[in-house]
Number of protein chains: 2
Amino acid sequence: MRVSDKHQKITQAAVKVFARKGFFNARISDIAKEAKVADGTIYLYFNNKYDILISLFEDEIGKIIMKVKLLLENETDPLKMLEIYAIHHMSLLQEQKELVEVLQMELRQSNKFIKEYRNTKFIEYIDIISEIIHKGQQSGHFRQEVMPGVVKRAFFGALDEMSRLWALSAKPKYTLEETAKQITDIFQHGIVVRNS
Amino acid sequence: MRVSDKHQKITQAAVKVFARKGFFNARISDIAKEAKVADGTIYLYFNNKYDILISLFEDEIGKIIMKVKLLLENETDPLKMLEIYAIHHMSLLQEQKELVEVLQMELRQSNKFIKEYRNTKFIEYIDIISEIIHKGQQSGHFRQEVMPGVVKRAFFGALDEMSRLWALSAKPKYTLEETAKQITDIFQHGIVVRNS
DNA sequence: AATTATTATGAATAATGATTCATTTTTTGT
DNA sequence: ACAAAAAATGAATCATTATTCATAATAATT
């Protein structure tokens, strides 16, 4: 077995265990058992428990960024781009529910227990939104007065909160794609009735 | 000293310590020291460490709900109501930064380590949003096709993410009130240019 | 003032689980 | 096939801390 395979086996086991029990309640021995390796083996690939989390976070966010950038590559309409981003984000949940749970949690917790850690990967991910907004303003599609930096946080927050709900509730009313479209629609056109 | 005083002293100490170190890294002895009581005293008022967190969450969200309901009482315009909610939510950060940090964290974590715990207080808090939306639809201010249940999550998520940013960053560009207004504006009118 | 009830203390307990490292197994090179 | 290097093992260590409880301090009652 190649080195990288074992690294990945441990990472994937960690995703499962962290999602199931949360980071602090997850035991190294749980991860080892799930990955079918000895406890000590984990320390050949990671420095410590935190390191597993950080490493997994960076790797996985990296993949997500690559995928969404690929999806956006051939689209020029900013409205469509926003929708693609939303659908992609929500779809993650379907494909990798456990991963999404871990990422959501990690995002809130990491800065509490690892002060030095600056989450550049996450910033890269949400900056895709502000780039879309900026582009849309230049092309005249989006209002000049909205602030890309605010929209990016608000839009991400909205999507993230919806996926949190989805991850928890057993029986959602709508499909993830419908939900993503609804949120995109609200951000694009607002909820107020137009009286023109 | 009245019993309730000590209960509250411990709760407030816990807010400080949880905000500083996170729930899992906070030691009971830290909280005891902060509250200036003995470790054992804490167990006269709370069953265990989780209980402190839950109890504090319910109490504090309860107060927040009461305050925002009071603020909304004399307002009838749904657009204004939404803005009031947003401003109130963001203002919490100014007044009780530590508390907000703890609540945000707890929201993500609680369901991980206490399976039975259904967060009814939190639901009550965000249901205020869907009530506003519903009211606005009945009065003809808001579009019929948006779903109050989706808007409430999206709106809360947007506000929550903005406060997360605020709690982390040392030097924000705008005041909390401006930020709250911007988010409300986006939800009300969207970001797309109107061509009527 | 003496007795009882209530509240508080903090050292001792007891369980937990991350990390280490001496030993074993597997792989690589000759 | 052998030796050397690399990778893997998992039991033992060691630190950490939530919780308990025998004792002490304080308050209430007679």
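Predicted model only: the values in this text are computed from it and were never measured. Letters go in sequence order (proteins before strands), and every chain restarts at 1.
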## Note on the structure
The contact string for nucleotides 17-22 of chain D, one letter per nucleotide 5' to 3', using protein heavy atoms under 4.0 Å with B, S and - for base, sugar-phosphate only and none, comes out as SSBB--
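The side chain to side chain contact (heavy atoms under 4.5 Å, CB included) with Phe155(A) is formed by just one residue from the set Val150(A), Ile132(A), Leu82(A), Ile133(A); it is Leu82(A).
Figure legend: cation-pi geometry between Lys49(B) and Phe23(B), with NZ or CZ positioned under 6.0 Å from the six-membered ring centre and within 45° of its axis.
Note on Tyr45(B): a side-chain N or O is less than 4.0 Å away from OP1 or OP2 of dA8(C). The side chain of Lys6(B) contributes no N or O atom lying less than 4.0 Å from OP1 or OP2 of dT7(C).
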### Query
Can you list the steps and then say if Val37(B) with Ile31(B) is a side chain to side chain contact (heavy atoms under 4.5 Å, CB included)?
CA-CA 9 Å; Val37(B) 298; Ile31(B) 299 170; over 6 Å; no
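Between Ile10(B) atom CD1 and dT9(C) atom C1' the separation is 13 Å, expressed in whole Å. Whole-Å rounding puts the His7(A) NE2 to dA7(D) P distance at 14 Å. In this structure, CG of Leu44(B) is placed 16 Å from P of dT26(D), rounded to the nearest angstrom. Rounded to an integer number of Å, the gap from Ile42(A) CD1 to dG17(C) C1' is 13 Å. The separation between Lys33(A) atom NZ and dG17(C) atom P is 12 Å, rounded to whole Å.
Using modelled atom types, one side-chain atom of Gln188(B) and one backbone atom of Leu79(B) make a donor-acceptor pair closer than 3.5 Å.
Separation of the Phe156(B) and Phe122(B) ring centroids falls under the 6.0 Å cut-off.
Residue-environment remark: NE2 (His134(B)) stays at or below the threshold of 12 foreign heavy atoms within 6.0 Å.
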